[in-house]
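Down below is the structure, laid out as structure tokens.
The model shown is predicted, which means the values in this text are computed figures rather than measured ones.
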Amino acid sequence: MKFVFLALCGGVSFANGLRSTFIEQEKEHLQIDPVIIRPPPPPPEGGCTCVSDYDCNKPVCVRDPYSGQGFCSASSSGGIDFQAEKREVGSEFGCPCVSDYECRRKTKCVESHYGGQKTCQDGGGGFARPTPAPTVKGQQCCDDPHKIPTECEVEILIEMMDIAIQSNRKLAAQWLRLAFHDAGTFNVNTNEGGANGCLMTHFPMTQEPENGFLNIPISTLEAIKINWEGHPETCLDVSAADMIQFAGHFSALRQTDTPGIDFVKIADLMTFEWGRSDEPNCDTAWTHNLPGFQGLVPPSQIGDLPQRCLMAGKEIKDKMILRNGFSAMESVALLGAHTIGLTRNSFGASLAAPWVLNGADAATPQGPIFDNGYHHYLEHTLVADDAPTFSADQTPVTQPFPDWFRDPTFGNQVNHLDTDITIAFPTQDPAMHPDYRAHTVAFANDNDLFLKRFFEALKKMGMLGVDDELSVPTECDPDCVGSGADLDADVVIKVVRDVGEAESVGEQELTQILATDEFTEQREFSTQELSKEDILVKEAIMEETIDGPMK
């Protein structure tokens, strides 16, 4: 393959350098030239209103200089109009479309009962094939898009995802979290939920408390999916379920050892199995199978860290072990995902911090390092033998979520969940939950063991609730696709732009969320006796007594 040939000739570093140059140039361009409005031709008769190219079906979005209204207009320039303000909705009802991404977030691109042009109509959202079948090398090769990609097509996806993380290093941790939250809805007792794509195809799932702050990873992964399936050398109709789980596997693997992509990692990614179906009947109640550590103790006990940790240990058992079907060892391994990522939104900028320092976005030029740093910290840095002793010298973060604390060892530079401390110390009550510490110690002292067990558990997680027959990528079809991976400059720039636009949309959604009552006055430490969050906690406890554990 051409990509391999380049590597043997030393072309990988050159290609990466060239790609990085494109990314930096594009970032610089967007910063220098923030307000450019294309000269608007007359709006088409009956044309649909828009605010960006995402709202149009192939044409571009241009703005009327007199009214300020945007209209979809035929143009060969294509691309996305970044300078147009993105409002909360997309194309209006009845506007032509080819995928749900061109419609409002709560509408769907559907075909008339009589056939013909698809239009945006009221519906549940989801993703259809984003572009018409491309003609490649003079042949019509995409009359039947496939759900299992070829190796060449996977190489294209790997390159696009790598570009996205180079452009925005926080996506590594966010895509990994997205994979957990999609698959973690599985209940082994009812065989419901699982790795089924609901977080991308069913908008109400994103509004559940357990799935807070997933706006950016969802919107950026949607943009990657559209670019991948729209690439002229692919012929795909891949499920959202596959995209989410592959993104999680890719993100964790990319950040191991020396962060970035090499051919050993590419070979590993080629073992990922595709073919998951998207769930047509998603149920928000499945989010109750996700571990949730809010509301486990009444407000009066929020300052009692040992009691909070005891309940957090029980939550791991109730959700990850008894519902998801993981063992105690697998649960502790999967919690190692906390090595990368930050608490970005809950407490405001002054309290944002990683779990461990090498998990910060800027830990390396290629992003955070994924290793056993999380377990190593719990075993070798915490100066205590049990949770009660440890809790005497900490700064609990009690607002708005009563399930975090700060470690002053590094000048309050790291944050942790109660569940982290639970697996660091011996269980306070074996009847409540098993002793997780033995696995923490084993992983803390052996990085290779941790990575082996983590990726085994991650693969198992990606299979939760999956009944489909899966397959590794097929061999490349030389008649219909190229060699993959060697993206030209136009594609690189388009991926950076589209992911940037998608991130902007996600940021706007987060801004609206963080401006609500729940996240304004309660984001710093508060002395209020009864906050809105306390009320929510009480409601959760009341509901728990009626329906059983819900978080």
Hey, does the side chain of S167 reach the backbone of I163 with a donor-acceptor pair shorter than 3.5 angstrom?
no
Partner of P217 by side chain to side chain contact (heavy atoms under 4.5 Å, CB included), out of E222, R177, E503, Q174:
Q174
Quick check against the 3.5 Å criterion: does D468 have a side-chain atom that pairs as donor or acceptor with the backbone of S277?
yes
Distance (rounded to the nearest 0.5 Å) between N189 CG and L322 CG
7.5 Å
Could you walk me through whether E315 and T422 pass side chain to side chain contact (heavy atoms under 4.5 Å, CB included), step by step?
CA-CA 10 Å; E315 182 73 355; T422 297; over 6 Å; no
Using a 3.5 Å distance criterion without hydrogens, assess whether the side chain of W286 forms a donor-acceptor pair with backbone atoms of N187.
no
Nearest 0.5 Å, what's the CG-CG distance between N372 and L449?
9.5 Å
Candidate pair L269 and I158, rule side chain to side chain contact (heavy atoms under 4.5 Å, CB included), full reasoning
CA-CA 9 Å; L269 290 168; I158 290 171; 3.7 Å; yes
Please answer whether the main-chain N or O of M432 pairs with a side-chain N or O of K317 as donor and acceptor at a distance below 3.5 Å.
yes
Ignoring hydrogens and angles, tell me if any N or O in the side chain of N196 forms a donor-acceptor pair with the backbone of N281 under 3.5 Å.
no
Can you list the steps and then say if L176 with Q255 is a side chain to side chain contact (heavy atoms under 4.5 Å, CB included)?
CA-CA 11 Å; L176 181 57; Q255 304 311 126; over 6 Å; no
To check you understand the geometry: which heavy-atom pair defines the closest contact between Q166 and Q366, and what is its length?
CG-OE1, 3.7 Å
Main chain of A241, side chain of D278: is a donor-acceptor contact present, judged purely on distance under 3.5 Å?
yes
For D385, does the CG atom sit with more than 12 other heavy atoms under 6.0 Å from it, leaving out its own atoms?
no
Could you tell me if the side chain of F272 sits less than 4.5 Å from the side chain of Q245, heavy atoms only?
yes
Let me confirm one number: the CE-OH distance from M320 to Y436, rounded to the nearest 0.5 Å.
9.0 Å
How close do T440 and L378 get, heavy atom to heavy atom, and via which atoms?
CG2-CB, 4.1 Å
Taking C-beta and beyond as the side chain, do I224 and V499 meet within less than 4.5 Å on heavy atoms?
yes
Rounded to the nearest 0.5 Å, what separation is found between the CD atom of E208 and the CG atom of L214?
12.0 Å
Taking the ring centre of each residue, are F370 and F450 less than 6.0 Å apart?
yes
Mark yes or no for whether D242, through its side chain, and R276, through its backbone, hold a donor-acceptor pair below 3.5 Å.
yes
Run the side chain to side chain donor-acceptor pair (under 3.5 Å) test against N445 and tell me which residues pass, sequence neighbours left out.
H380
Spell out, as yes or no, whether a donor-acceptor pair under 3.5 Å connects the side chain of D182 to the backbone of G197.
yes
Answer yes when K452 and E456 have at least one side-chain N-carboxylate O distance shorter than 4.0 Å, and no when they do not.
yes
Between CG on residue L451 and CZ on residue F443, distance to nearest 0.5 Å
10.0 Å
May I have the step-by-step check of side chain to side chain contact (heavy atoms under 4.5 Å, CB included) for M205 and T287, ending in yes or no?
CA-CA 8 Å; M205 293 291 282; T287 60; 3.9 Å; yes
On a heavy-atom basis, the closest approach of H375 and V332 is NE2-O, 3.0 Å
Any side-chain to backbone donor/acceptor pair from E229 onto V238? Under 3.5 Å, distance only.
yes
I need the single residue from T256, N358, D448 that forms a side chain to side chain contact (heavy atoms under 4.5 Å, CB included) with D371. Which is it?
N358
Are K225 and L221 packed together at the side-chain level, in the sense that at least one heavy-atom pair is separated by less than 4.5 angstrom?
no
I'd like to check the ring-ring contact (aromatic ring centres under 6.0 Å, His included) partners of F455; sequence neighbours left out, ordered by chain and number.
H249
So, for C309 and Q428, which heavy atoms are closest and what is the spacing to 0.1 Å?
CB-NE2, 4.3 Å
Indicate yes or no: at least one non-hydrogen side-chain atom of K459 is less than 4.5 angstrom from one of T271.
no
Below 4.5 Å, heavy atoms only, C-beta onward: do I216 and L171 meet side chain to side chain?
yes
With a 4.5 Å heavy-atom cut-off, do N289 and F186 have their side chains touching?
no
With a 4.5 Å heavy-atom cut-off, do L157 and M243 have their side chains touching?
yes
Minimum-distance pair of heavy atoms, taken over all atoms of A223 and D498:
CB-O, 3.8 Å
Determine yes or no for a side-chain-to-main-chain donor-acceptor pair under 3.5 angstrom, with S219 supplying the side chain and A502 the backbone.
yes
Quick check: do T339 and F454 have side-chain heavy atoms less than 4.5 Å from each other?
no
CZ of F425 to CG of D386: how many Å apart, nearest 0.5 Å?
7.0 Å
So that I can tick it off, tell me whether E210 and K319 are bridged by a salt bridge, with the cut-off set at under 4.0 angstrom between side-chain N and carboxylate O.
no
For H376 and A444 the tightest heavy-atom approach is CD2-O, 3.5 Å
Note: K170-D361 ion pair, threshold 4.0 Å (strictly below):
no
